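Every chain is numbered from 1 and lettered A, B, ... according to where its sequence line falls, protein lines coming before strand lines. It should be emphasised that the depicted structure is a prediction, and the values quoted were computed from it without experimental measurement.
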Number of protein chains: 2
Amino acid sequence: MTIADPAGAALASLTEARALVARTSTAERVADAVRNEVVEGRLRPGGRLPEQALSHALGVSRNTVREALSQLVAERVLVREPNRGVFVAVPDAEAVRDVYRARLLIEPAAVREGERAGDPEAVGRLRAAVQEGRAAAAHDDWPAVAGANQHFHRALVGLAGSVRLDQQMGLLLAEMRLVFHRMTSVREFHEPYLDGNDTITRLVEAGERERAAGEVASYLRTAEAQILAAFADL
Amino acid sequence: MTIADPAGAALASLTEARALVARTSTAERVADAVRNEVVEGRLRPGGRLPEQALSHALGVSRNTVREALSQLVAERVLVREPNRGVFVAVPDAEAVRDVYRARLLIEPAAVREGERAGDPEAVGRLRAAVQEGRAAAAHDDWPAVAGANQHFHRALVGLAGSVRLDQQMGLLLAEMRLVFHRMTSVREFHEPYLDGNDTITRLVEAGERERAAGEVASYLRTAEAQILAAFADL
DNA sequence: TCTTGCTGGATTGTTGAGCAATCCATACGC
DNA sequence: GCGTATGGATTGCTCAACAATCCAGCAAGA
């Protein structure tokens with residue numbers, strides 16, 4: 001800056017707007033749309049996604065559809081079978097175990113050692129997710145409770161303060177939504193964790209990070225066991 | 001199987017061959033080729049990758065090149081600037097900090113709590129990486145020492161026994177290679193860790209997981225500081 | 001009945017060409 | 001020096017086409 005102008009600060013604040021200026025590409029928007037359909041459950045696990053049908057339905061070229069599908073395959077939301085097509089992923093018990101192995105490492109560690117575990121903003125997101133879940137439960141909106149639960153675990157990893165970890169957690173949680181879509185009784189599954197999340201949040205707020213981490217690990221283990229049990233009789 | 005034939009078992013063993021039958025697609029091979037060029041350092045960070053040039057050089061269509069580039073962008077090996085092109089990523093200090101925040105959570109936790117930390121096969125990979133590094137150092141092959149170092153940290157995460165974590169670690173390490181390519185003096189950086197890796201491996205072999213995890217964290221912190229210092233005078 | 005082989009139709013994998021939008025460097029005018 | 005046109009190059013996306021592959025169904029043969 002050769003000139004000392006007050007516009008300097010104003011311009012700096014605009015850097016956040018870059019993401020908005022740079023419109024998302026068509027392929028990205030297609031990927032978002034398909035991902036939404038999948039995580040919302042409108043496309044069943046195992047369902048097929050023909051390129052031509054998507055191309056026609058979304059009004060974009062088949063090449064663009066392919067680009068979007070490839071991205072979702074990389075995210076494990078879809079699986080590609082060569083020369084056969086792409087399908088909505090059908091997570092099996094081993095996938096559940098693998099996801100929980102990863103979560104059991106990452107989430108308690110984020111609570112125990114996260115650099116932002118003292119940051120009011122990061123902790124506030126925990127509290128916000130808890131309240132979001134409580135509000136949704138009050139309206140008997142159990143899909144929303146499930147969403148709040150995901151926000152809570154995302155906020156837990158957010159305590160680490162690493163965008164790369166956050167991103168990885170996003171993938172793991174997206175996979176978990178596929179798991180839930182294979183299960184019935186969303187309510188029975190998510191309801192017990194409302195109080196658990198509150199307990200964890202209180203411990204974090206009180207700075208009792210070691211105990212909070214222990215609670216997180218404990219809840220993850222029971223959730224995994226519950227899901228695996230549900231998978232067993234299927 | 002309606003018929004009771006001994007071929008049943010034999011056929012079951014063939015399921016492992018599926019991966020070989022399914023040849024990799026052209027786009028995937030292009031992605032592998034470009035990724036190799038980048039991590040080997042033949043394509044400098046910041047370097048540009050015009051689609052047409054790649055298309056011509058590799059003898060594949062520009063559409064296929066685009067598909068490969070998109071995948072590498074998702075892996076953070078390349079970055080896309082809309083309407084300008086894709087470039088080899090240039091990790092900055094903040095990227096280094098973020099990667100180490102993630103590694104400092106994952107790696108010590110994998111050593112401390114990994115389900116396979118007692119598994120001789122998984123631990124053997126640690127030992128193998130140590131010896132690989134020693135052998136490379138004996139030949140003054142410092143790029144190979146760097147490679148062995150990466151194998152070591154990959155083996156550390158392998159103690160967790162989660163393919164999803166392994167995959168994530170692969171992305172983080174690929175990004176680290178880009179970081180190293182911005183630094184000179186590969187030798188001075190990697191040599192001190194030869195002994196450190198040996199120490200960690202001994203502790204893991206002895207079942208002293210807590211101390212091993214502490215060593216891992218300590219080494220990661222010094223490495224991060226060293227890299228950030230090198231970035232500072234640049 | 002069970003297996004094998006074939007055939008037609010559908011979908012994927014990949015190519016090539018083409019066009020609007022955007023960016024960049026250069027030259028121009030003031 | 002500074003803002004503004006201008007032209008070339010590249011990207012983002014589309015469209016059309018074709019070979020390779022897969023699948024369902026059917027016919028022939030053991």
Side-chain angles (χ1 to χ4, degrees), chain A residues 1-3 5 7 11 17-34 43 46-74 77-89, chain B residues 1-8 10-11 14-15 17-34 43 46-74 77-89:
Chain A
M1 299 256 166
T2 60
I3 55 180
D5 64 339
L11 289 179
R18 270 191 79 99
L20 297 176
V21 172
R23 286 199 299 286
T24 68
S25 76
T26 306
E28 211 164 331
R29 265 174 290 142
V30 170
D32 290 345
V34 173
L43 288 169
R48 190 165 171 197
L49 302 180
E51 300 179 352
Q52 209 166 7
L54 285 178
S55 164
H56 187 267
L58 299 174
V60 299
S61 130
R62 194 160 75 91
N63 273 334
T64 305
V65 169
R66 276 182 69 78
E67 203 170 317
L69 293 182
S70 295
Q71 186 179 330
L72 295 175
V73 167
V77 173
L78 308 179
V79 294
R80 158 165 284 138
E81 301 193 12
N83 292 314
R84 285 191 13 100
V86 301
F87 304 79
V88 180
Chain B
M1 297 259 164
T2 61
I3 54 178
D5 64 340
L11 289 179
L14 278 180
T15 55
R18 273 189 79 102
L20 296 176
V21 172
R23 283 199 300 284
T24 68
S25 76
T26 306
E28 209 163 332
R29 266 173 291 143
V30 170
D32 290 344
V34 173
L43 288 170
R48 191 165 170 199
L49 302 180
E51 300 178 353
Q52 208 166 10
L54 286 178
S55 164
H56 187 267
L58 299 175
V60 299
S61 133
R62 193 161 76 90
N63 273 328
T64 306
V65 169
R66 276 182 71 77
E67 206 169 313
L69 293 182
S70 294
Q71 187 179 331
L72 295 175
V73 167
V77 173
L78 308 180
V79 294
R80 161 165 281 140
E81 302 192 14
N83 292 313
R84 286 193 10 101
V86 301
F87 304 79
V88 180

* **Distance in angstrom units between B:L58 CG and C:dG16 P, rounded** => 13 Å
* How close or far is atom P of C:dT12 from atom CG of A:L69, stated in whole angstroms? -> 9 Å
* To do: Check the distance between D:dT21's P and A:R80's CZ and give it to me in whole angstrom.
  => 16 Å
* Rounded to whole angstroms, how far apart are CD on B:E28 and C1' on C:dT14? -> 15 Å
* Asked: Got a second to check how far B:L58's CG is from B:T64's OG1, nearest 0.5 Å?
  -> 10.5 Å
* Structure fact -> B:R48 has its side chain closest, among D:dT10, D:dC13, C:dT14, to D:dT10
* Structure fact -> Against the side chain of B:N63, the closest entry in C:dT12, C:dT14, C:dT15 is C:dT15
* **Closest non-hydrogen atom pair, B:A27 against B:A68** => O-CB, 3.4 Å
* Check every atom of C:dT12, C:dT14, D:dG12 against the side chain of B:R62 and return the nucleotide holding the closest atom. => D:dG12
* **Contact check, side chains of B:L54 and B:V30, non-hydrogen atoms, under 4.5 Å** => no
* **Nearest-neighbour nucleotide for the B:R84 side chain, C:dT15, C:dT12, C:dC24 considered** => C:dC24
* Kindly say if B:S61 contacts the phosphate of C:dG16, meaning a side-chain N or O under 4.0 Å from OP1 or OP2. => no
* To the nearest Å, how far apart are B:Q52 CD and C:dT15 P? -> 15 Å
* Output the single nucleotide from D:dT14, D:dT11, C:dT15 whose closest atom is nearest the side chain of B:T64. => C:dT15
* Should A:R80 and A:S70 count as side-chain neighbours, where that means a heavy-atom distance under 4.5 Å? -> yes
* To do: Go through D:dT11, C:dT14, C:dG13 for me and flag the one nearest to the B:R66 side chain.
  => D:dT11
* Asked: Whole Å only: how far is the CD atom of B:E81 from the C1' atom of D:dT11?
  -> 12 Å
* Closest to the B:N83 side chain, choosing from D:dT10, C:dT22, D:dC13 -> C:dT22
* Asked: Short question: side chain of B:R48, backbone of B:R84 - any donor-acceptor pair under 3.5 Å?
  -> yes
* Asked: Mapping A:V60 and B:E51 to their closest nucleotides on DNA chain D, which lands nearer the 5' end?
  -> B:E51
